[in-house]
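First the proteins, then the strands, lettered A, B, ... as listed; each starts at 1.
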Protein chains: 2
Amino acid sequence: MAGHELDRAFAALADGTRRDIVSRLTLGDATVGELAAPYDVSLQAISKHIRVLEVAGLVSVTADAQRRRVHLEAAALAGLVRWIERHQRAAEARLSLLEAVLADLDSPTSPNTTPTKGKTS
Amino acid sequence: MAGHELDRAFAALADGTRRDIVSRLTLGDATVGELAAPYDVSLQAISKHIRVLEVAGLVSVTADAQRRRVHLEAAALAGLVRWIERHQRAAEARLSLLEAVLADLDSPTSPNTTPTKGKTS
DNA sequence: GTTGTTTTCAACCGATTGGTTGACAAGGGG
DNA sequence: CCCCTTGTCAACCAATCGGTTGAAAACAAC
């Protein structure tokens, strides 16, 4: 997933209304009107939100007469998870490595390998 | 994770420079100046980015003399993964259910054993 | 073919964003 | 003690964002 794609996808999910729409779409495809119904904002505002989600690749929209069917693209969500988890795991791995080093300093298993600075606190 | 927290976290990651900073921090804590070094923007701009990440809960900043140590909070990334995966899995589950229904309609394996509201398990 | 439904387009508005520069606060090192 | 490094605060600017209203496009239905 390229940088500007991540930009758009994260930005798309940085809005509660759009996350609501994503939640709604996990129950099945819907038209723009159906998606707009729960909100008291204008239909045009929801239409804009859907366009943002579409440009971000999070939903696809297919024409069905004068209606538009909006479909959640779960694969794009998977791309986001990949990015986040890569960094989350890297940070956790580094942390556990640090803890291991600290533990080793605290209780040196092989006494001879303890350099002069090795001190029990 | 509450709505406005998700707002801030997703928005924080919707910027390439801030994602870069998160990547850098997986290698270990860093000062503001160290984080700013690779970029040709002003130090103040990077300082603002770090503040955005901090407000979003993605990093923590501790004072160390006149320097500030910036630390990646992997737990916050985990919160984002939870939100995304919940919806991703819901959508995929619905999709595979739909596929199963369609396959069943296409080739009804045991015509008599399929009740109207059909539950095989 | 006129009417009604669904949705987008276009222009506008106030708030927020990412960037700048200038000033200054907080400390460490000569 | 003086100054130099590190970083934030404050004000400003152009661009983007989420919302509005009004108009029009696309199509079904009568």
Side-chain angles (χ1 to χ4, degrees), chain A residues 2-25 28-73, chain B residues 2-25 28-72 80:
Chain A
H4 60 92
E5 293 177 293
L6 286 171
D7 282 9
R8 294 198 185 101
F10 278 122
L13 292 180
D15 179 283
T17 302
R18 285 194 293 259
R19 284 197 306 277
D20 271 3
I21 291 175
V22 168
S23 290
R24 165 63 182 80
L25 287 174
D29 298 355
T31 67
V32 175
E34 287 165 357
L35 291 170
Y39 307 96
D40 61 350
V41 302
S42 66
L43 183 69
Q44 289 95 319
I46 300 297
S47 180
K48 277 193 186 182
H49 280 310
I50 292 169
R51 170 58 55 105
V52 170
L53 289 167
E54 187 186 14
V55 169
L58 295 174
V59 307
S60 58
V61 180
T62 61
D64 170 24
Q66 75 271 43
R67 294 191 185 84
R68 307 277 189 276
R69 294 212 77 73
V70 185
H71 172 80
L72 182 61
E73 293 291 331
Chain B
H4 59 88
E5 294 177 292
L6 286 172
D7 282 9
R8 294 198 186 101
F10 278 122
L13 293 180
D15 180 283
T17 302
R18 286 193 294 259
R19 284 197 307 278
D20 271 3
I21 291 174
V22 167
S23 290
R24 165 66 182 78
L25 288 174
D29 297 357
T31 67
V32 176
E34 286 165 356
L35 291 171
Y39 307 96
D40 60 351
V41 302
S42 67
L43 183 68
Q44 289 94 321
I46 300 297
S47 181
K48 277 193 185 182
H49 279 310
I50 293 169
R51 170 60 54 105
V52 170
L53 289 167
E54 187 185 15
V55 169
L58 295 175
V59 307
S60 58
V61 179
T62 62
D64 170 24
Q66 76 270 44
R67 294 191 184 82
R68 308 277 189 275
R69 293 213 78 71
V70 184
H71 172 81
L72 181 60
L80 290 188

Student check: side-chain heavy atoms of A/Leu53 and A/Val70 closer than 4.5 Å: no
Which value, rounded to the nearest 0.5 Å, describes the distance between A/Arg51 atom CZ and A/Arg68 atom CZ? 9.5 Å
Does the A/Ser47 side chain pair with the main chain of A/Leu43, one donor and one acceptor, at a distance under 3.5 Å? no
Check: A/Ile46 and A/Thr17 side chains under 4.5 Å, non-hydrogen atoms: yes
Nearest-Å distance, OH (B/Tyr39) to P (C/dG19)? 11 Å
Distance below 4.0 Å between A/His49 side-chain N/O and D/dC17 OP1 or OP2: no
Gap between atoms CZ and P, on A/Arg68 and D/dA26 respectively (whole Å): 9 Å
Quickly work out the B/Leu13 CG to C/dG18 P distance and round it to whole Å. 12 Å
Does a side-chain N or O of A/Ser47 approach OP1 or OP2 of C/dT8 to a distance below 4.0 Å, or not? yes
In whole Å, what is the span from the CG atom of A/Leu53 to the P atom of C/dT8? 12 Å
When you measure from the side-chain N and O atoms of A/Ser42 to the phosphate of D/dG19, is any distance below 4.0 Å, counting only OP1 and OP2? no
Is there a side-chain contact (heavy atoms from CB on, under 4.5 Å) between B/His71 and B/Thr62 once you walk through the steps? CA-CA 8 Å; B/His71 172 81; B/Thr62 62; over 6 Å; no
Give, for atom OH of B/Tyr39 and atom NE2 of B/His49, the distance between the pair rounded to the nearest 0.5 Å. 8.5 Å
What protein N or O atoms touch nucleotides 10-16 of chain C N or O atoms at under 3.5 angstrom, if any, and at what distances?
none

When rounded to the nearest 0.5 angstrom, what distance separates CD1 in B/Ile50 from CG in B/Leu35? 4.5 Å
One should read off an interatomic distance between A/Asp7 CG and B/Leu13 CG, to the nearest 0.5 angstrom, of 10.5 Å
What integer distance in Å separates B/Asp20:CG from C/dG18:P? 14 Å
Check the distance between C/dT21's P and B/Asp40's CG and give it to me in whole angstrom. 11 Å
Rounded distance in Å - CG (B/Leu43) to P (C/dC24): 18 Å
When rounded to whole Å, the CZ to C1' distance for the pair A/Arg69 and C/dT7 reads 14 Å
So, using side-chain contact (heavy atoms from CB on, under 4.5 Å) as the criterion, who are the partners of A/Ala37 when residues are at least two apart? none
How do B/Arg51 and A/Ala45 order along DNA chain D: which one's closest nucleotide is nearer the 5' end? B/Arg51
Phosphate-side-chain proximity, A/Arg18 and D/dG18, N/O vs OP1/OP2 below 4.0 Å: yes
Residues of residues 59-67 of chain A with a heavy atom under 4.0 Å from any atom of DNA chain C, listed by number, are A/Gln66, A/Arg67
